[in-house]
2 protein chains.
Amino acid sequence: MSKTPALPASLKQFLVKGNELFLPGISIDCVIFGFHENTLKLLLLDSAKSNKWTLPGGFVLKSEDINDAAYRVLLERTGLNDIYLKQFDVFGQPNRTDASVHKTTFEQYGSKIPKDHCMIQRFVSVGYFALIDYTNFSIQNDPINSVYDWKGIEQVKHLPIEHDHGAIIQKALESLRTQLAYLPIGKNLLPKKFTMPELQKLYETILNKPLDRRNFQRKMLGFGILNKLNEARKGGAHKSPFLYTFNDKKYQKALKEGLYGSW
Amino acid sequence: MSKTPALPASLKQFLVKGNELFLPGISIDCVIFGFHENTLKLLLLDSAKSNKWTLPGGFVLKSEDINDAAYRVLLERTGLNDIYLKQFDVFGQPNRTDASVHKTTFEQYGSKIPKDHCMIQRFVSVGYFALIDYTNFSIQNDPINSVYDWKGIEQVKHLPIEHDHGAIIQKALESLRTQLAYLPIGKNLLPKKFTMPELQKLYETILNKPLDRRNFQRKMLGFGILNKLNEARKGGAHKSPFLYTFNDKKYQKALKEGLYGSW
DNA sequence: TTAGATTGTGTCTGTGTAACGCAATGATGA
DNA sequence: TCATCATTGCGTTACACAGACACAATCTAA
């Protein structure tokens, strides 16, 4: 896993033309959420040398909308396309990043960063969170950090995290919780077909508290955003639960008003 | 009002040392809300030459936290201190600002901007909104734009607004509305002592819909965040309403959970 | 003194939430 | 094969709260 590849094209371009191509002082960090085995998970990259985990991030082209940049960064670093992305906060502490990390990254490839390069400067980072379907996910190796892994949100607290990315993750989680009623979490974090218990577990893990099975079902059905299928999830050790899909139109409409309720 | 003052110290410093002192490519814009005569108002500055209204804004010092910068900018440009400020969004479209405006500003003072000055570059702006007590407000003249005024939020739509500040204002309003349950709007937008009808009018204007007098009172009292005083607001043409203050401790605590309810 | 508008307080009703019961299902193991 | 057992599907009851409205009390102006 820890080979020493040639300097990737994107990195080389950044090294040589960084000052010319990118906006100075601004970066983007993506907190990527997935849901698997009743756990909310984060996609983290291992910045090999420092042995710390980082968020996939990048920079903004000089004439690029910052939201477009976020989608591009996500695509370039994970291969993920057509993903739900939402800006949630800005991180602007003066010493939030450790410039030496960038040096280490480039030294991996035997390259050095020019002293006047904008990369060495302070960065204000715009945080985005992404919601993706874990089951339908396959990452192509990140061009910068070859190792990636999913980590449970509880587990993350005990991992070494690069820069202030730990704080960014916590803030992302907080935003996810407080904006829950307005976010298409079900649609984006679950597979196309899912069961009511699965949907419930998703809400329970995000809210970090148990919910009553029967009330949850009544409430969800009450929103009128689900299509009940004539199939059941076979193979479990117990009664087979029905499968559902989202009624996209009604889901979108309901989210605008917010999925009202005292979660 | 439209005298031609000498180049203010802050502007001169920015002109000469801008590239050295400030982070390039990042600016701050403040949407300042006040409440007066049953209307939600915005504090706008008149950028004299272009005859358009702008938000008070500024830049971030190279070793300054971006939140600190927001407080500093607010203080420098309005004299306001110790104000509730909250970051609400980032505006990163490539052509969101019109660089010629800056030129005009400096030409007012007979100065020119060097061609390589960071001010001419594209800016990503971080939006903050401020909540202030209109009745306890007195502004010192802004060093850059001498004319300021409060404008009702309905009125703003029909005014000429500089850059994308119109969109920023709309987004600030939207954030104010959706986060209503978590924001100390009463505490910050009203005078220390206030009546129940005044508090209700505040909520009504922010939500842009009428609320039932009796239900509103019952609900508000139910939160247990108000102290009922043994005074009444005299002088009105009708029955004197009681005065209230906030119980700060309980208010803070209640806001963390959110003032639950179907506003 | 009265009229008129506004405020303080109380009541009723429908809806939604919380809490819990019970039968049906499906794999497992005796 | 059949009993066991966790899980799912569907239902019921009690209670809190929101919405709608009634009525008395208060204050100023005419």
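Order of the sequence lines fixes the chain letters, A, B, ..., with proteins taken first and strands second; residue numbering starts at 1 for each chain. In this text, all values refer to a predicted model and were calculated from it rather than measured experimentally. Heavy atoms only: backbone and side chains are in, while hydrogens, waters and symmetry mates are out.
The shortest side-chain heavy-atom distance between A/Leu221 and A/Met196 falls under the 4.5 Å cut-off.
Computed from coordinates, the B/Leu229 CG to C/dG8 P distance equals 12 Å when rounded to whole Å. Distance A/Met220 CE to D/dG9 P: 15 Å, rounded to the nearest Å. Separating the NE2 atom of A/His238 from the P atom of D/dC5 is a distance of 13 Å, rounded to the nearest angstrom. A/Tyr203 places its OH atom 13 Å from the P atom of C/dT17, with the value rounded to the nearest Å. Atom CG in A/Asp212 sits roughly 13 Å away from atom P in D/dT8 (whole-Å rounding). Between the P atom of C/dT9 and the CZ atom of B/Phe242 lies a distance of 6 Å, rounded to the nearest Å. Atom P of nucleotide D/dC17 and atom CZ of B/Phe223 are separated by 10 Å, given to the nearest angstrom. Residue B/Arg218 contributes atom CZ, which lies 8 Å from atom C1' of D/dG19 at whole-angstrom precision.
For B/Asn215 against D/dA20, a side-chain N or O and a base N or O form a donor-acceptor pair under 3.5 Å. Interface remark: the B/Arg214 side chain does form a donor-acceptor pair with the D/dA22 base, using a distance-only criterion of under 3.5 Å. For C/dG8, the base has a donor-acceptor partner in the side chain of B/Arg213 [N/O atoms by modelled type, under 3.5 angstrom].
Between A/Lys239 and C/dA27 there is no side-chain N or O to OP1 or OP2 distance below 4.0 Å. Side-chain N/O atoms of B/Gln217 include one lying less than 4.0 angstrom from OP1 or OP2 on C/dT9. Close to C/dT9, at under 4.0 Å from its OP1 or OP2, lies a side-chain N or O of B/Lys228.
For B/Lys219, the side-chain atoms get nearest to D/dA18 when compared with the rest of D/dA18, C/dA5, D/dA20. In this structure, the nucleotide among D/dA20, C/dA19, C/dG26 sitting nearest to the side chain of A/Ser240 is C/dG26.
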Dot-bracket notation for DNA chain C, counting Watson-Crick and G-U pairs under 3.5 Å, with | for partners on another strand: ||||||||||||||||||||||||||||||

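A distance below 6.0 Å separates the ring centres of B/Phe194 and B/Phe246. B/Phe216 has its ring centre less than 6.0 Å from the ring centre of B/Tyr203.
Salt bridge annotation for B/Glu204-B/Lys209: absent, with no cationic side-chain nitrogen under 4.0 angstrom from a carboxylate oxygen. Between B/Glu257 and B/Lys253 there is no salt bridge, since no side-chain N of the basic residue sits under 4.0 Å from a carboxylate O of the acidic one.
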Run the salt bridge (charged side-chain N to carboxylate O under 4.0 Å, His left out) check on B/Arg96 and B/Asp29 step by step: do they pass? CA-CA 13 Å; B/Arg96 48 171 293 279; B/Asp29 285 303; 3.5 Å; yes

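In the displayed structure, A/Gln179 atom CD is contacted under 6.0 Å by more than 12 heavy atoms of other residues, nucleotides or ligands.
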